[in-house]
Structure formats: C-alpha cells, structure tokens
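For reference, the structure is listed below as structure tokens.
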Amino acid sequence: DPYLYKHTDGKYYFTATCPKYDRIEIRCADTINEIATAKSRTVWTRHLFGIMSSHIWAPEIHYIMGQWVIYFAAGELPDIWKIRPFTLICKTDDPMTGEWAEGGMMQAAEDDPYSFTDFSLDMTVFEHKGKWYTIWAQKVGSTNGISNLYIAELETPTKLKTVQVLLTTPDYDWERVDFWVNEGPAVLKHDGKIYVTFSASATGSMYCMGMMSADENSDLLDPLSWTKRRYPVLETDESLKVYGPGHNCFVLGDEGEQLCMLHFR
C-alpha cells in the first residue's frame, strides 16, 4: 500500500505498510528513484495492547491545513479486526526530524452516527477549491460485510465536517470476487475532472483497480456527480506477469509527468 507525496519544497516523501504491520516509517528523497535507497525513519511503533496494537496498515503522509499528518489503519489486541483510521501529527515543519504525536482516531461529524463505527481503513484526503475532503473504506453489516467507499468534507485534519456520503459500493462482478470490496481510494485532479481510483475484490490475483470521476465544478458530496466505469482500468494480465494490481497513489514525477504507484501480488 504505497503512498508517495511531492511537497512544495520539491522533495518526495514516502510511506507504506511495513512487512510486520507494527510501525510507521517514512522516507524522503530529492527524486523518485532515490526513494528506493533512502534511509527510513520510524516515527511511531504500535501499542503493545488495546487500540493501535495490531494490523498497522496503509499509511499516507499529507501536508494538510498547515501541518504534516499521517493517516493509517490499526486494529486492537485482543480484537485484531476492530480496525479503524488513526492519525499522527508532526509537531514541526520537518517530518524527517520533527517529533510525531498521536492525533487520535478519526472523528465523525456531530450528527453522523455511522462513520468509523465499523471496520474502517484506507483513508485519503485531498483539497479542492479551498475545501478539504476525505475518502475512506468502511464495511457494512459485519466483519465479513460489504466494503464501501464514503466521502465527507473535513473540519480539521482529524474530524469530519459533514456526514458520510456513499461514493461507491461493489456493484459489478469484478468487485465481488471472494469478497465484496471497494477500498484503497486515490485521487487525481486532471483536465477539469476529479478522478478516484479504488481497489476491488479480494487481494489475490483477482484484485483490480476501478475508477470514478466527477466534474471539478460539481458538488463532490452529491453521489449523482460521480460516474463509475463499468470495467476495471487495471487488472491481472498473465501475459505481462502482472497479478492483482491494486491500492495505488498518484504523484508528479521528476519531470512533471503524472505517475501511478501501486502494489501487485
């Protein structure tokens, strides 16, 4: 679950799920390729018990509302599948040297009784026309329920301003293989449109990437503003030895080109 962000200082900041699911690491480099050999900095380690002690997944590093924030998912001990979105906030302007503090679990808006009350993860944020929005995955029904994507406006980096709006649910056959899943949202603003890619189905070779789009001048909190493509935009291709392309991010490359970074099986 890689996340690569190019800051206004021209540097690249990278984070991803660590193999042992036990910590948050970040890297910084002047070019994309240098990220591969850049030294990692551990900014936070899981709790030994209770909240944030299991399944430390899918971190994203963002500069939002004037501060550095890392969004990540975490389970509990002993309830390892009680997974919710949490935050880390940097106390200085330099994420590679500054102290990171826990910002707590994401909070719903005052009149929203549903957000983050069940299995929730893969939170991303983006700015548009002076407002900040978040999109995340949340299951409905049970631990084995349906994973949908929801969108809301943010009041602060750690709290929703508006109630959740259903963005997409697994409608098609390619979103329902083994599990009914929409997760891993990523946002790309391009040529007058807002694009959201997302991952679908279980995380084996059936994992694939779907895409939605909305006009940049539309109401992003109106579900009717969004159109979902009928078929995935990336999927397994055995002839290319590509299996299960999924959870991705978009970033501007060293020469200003638009790149997509993602995970494969």
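Only this structure's heavy atoms are used, side chains among them; waters, hydrogens and symmetry mates stay out.
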Might you point out which heavy atoms bring [X] and [Y] nearest each other, and give the distance in Å?
X: C249; Y: A186; answer: CA-CB, 4.1 Å
X: I70; Y: P59; answer: CG2-CB, 4.1 Å
X: F14; Y: M261; answer: CE1-SD, 3.8 Å
X: N248; Y: C260; answer: ND2-SG, 3.4 Å
X: C90; Y: W100; answer: N-CE3, 3.4 Å

Can you tell me if [X] has over 12 outside heavy atoms packed within less than 6.0 Å of its [atom1]?
X: K6; atom1: NZ; result: yes
X: K129; atom1: NZ; result: yes
X: Y243; atom1: OH; result: yes
X: Y231; atom1: OH; result: no
X: Y114; atom1: OH; result: no
X: E238; atom1: CD; result: no
X: H190; atom1: NE2; result: no
X: Y195; atom1: OH; result: yes

Is there side-chain contact between [X] and [Y], with at least one heavy-atom pair below 4.5 Å?
X: K228; Y: F198; value: yes
X: H263; Y: D1; value: yes
X: S40; Y: R27; value: yes
X: L259; Y: L4; value: no
X: Y150; Y: L167; value: no
X: I26; Y: P95; value: yes
X: W226; Y: I194; value: yes
X: K161; Y: L154; value: no

### Summary
ring pair (Phe, Tyr, Trp, His ring centres under 6.0 Å) with Y63: of W132, W68, Y5, only one passes, and it is W68
### Message
Angle between ring planes, F116 versus W136, binned at 30° and 60°: parallel, tilted or perpendicular?
### Response
tilted
### Task
Start with the C-alpha gap between F86 and E102, add the side-chain angles, then the distance that decides, and say whether side-chain contact (heavy atoms from CB on, under 4.5 Å) holds.
CA-CA 8 Å; F86 291 88; E102 294 178 3; over 6 Å; no
### Query
Could you walk me through whether K159 and E110 pass the salt bridge (Lys or Arg N to Asp or Glu O under 4.0 Å) check?
CA-CA 10 Å; K159 183 178 180 179; E110 301 300 334; 2.3 Å; yes
### Message
Please check: side-chain N/O of R23 versus main-chain N/O of C18, any donor-acceptor pairing under 3.5 Å?
### Response
no
### Query
Do S201 side-chain atoms and Y207 backbone N/O form a donor-acceptor pair below 3.5 Å?
no
### Residues N148, N182; criterion side-chain contact (heavy atoms from CB on, under 4.5 Å); working and verdict
CA-CA 5 Å; N148 301 322; N182 285 172; 5.7 Å; no
### Message
Hydrophobic cluster membership, with links at side-chain heavy-atom distances under 4.5 Å among I/L/V/M/F/W/Y: are L234 and V196 in one?
### Response
no
Test item: side-chain donor near acceptor, [X] and [Y], under 3.5 Å:
X: S53; Y: R46; value: no
X: S225; Y: D219; value: no
X: E153; Y: T162; value: no

### Working for side-chain hydrogen bond (donor to acceptor under 3.5 Å, both in side chains), residues D254 and T31
CA-CA 6 Å; D254 300 324; T31 68; 4.6 Å; no
### Query
After noting the C-alpha distance and the side-chain angles of F126 and Y133, does the key distance pass the side-chain contact (heavy atoms from CB on, under 4.5 Å) rule?
CA-CA 5 Å; F126 68 100; Y133 298 87; 3.5 Å; yes
### Message
Walk me through whether D30 and K11 qualify under salt bridge (Lys or Arg N to Asp or Glu O under 4.0 Å).
### Response
CA-CA 5 Å; D30 292 326; K11 295 182 181 294; 2.8 Å; yes
### Task
Test side-chain contact (heavy atoms from CB on, under 4.5 Å) on E183 and T203 and set out the steps.
CA-CA 11 Å; E183 63 183 12; T203 56; 4.0 Å; yes
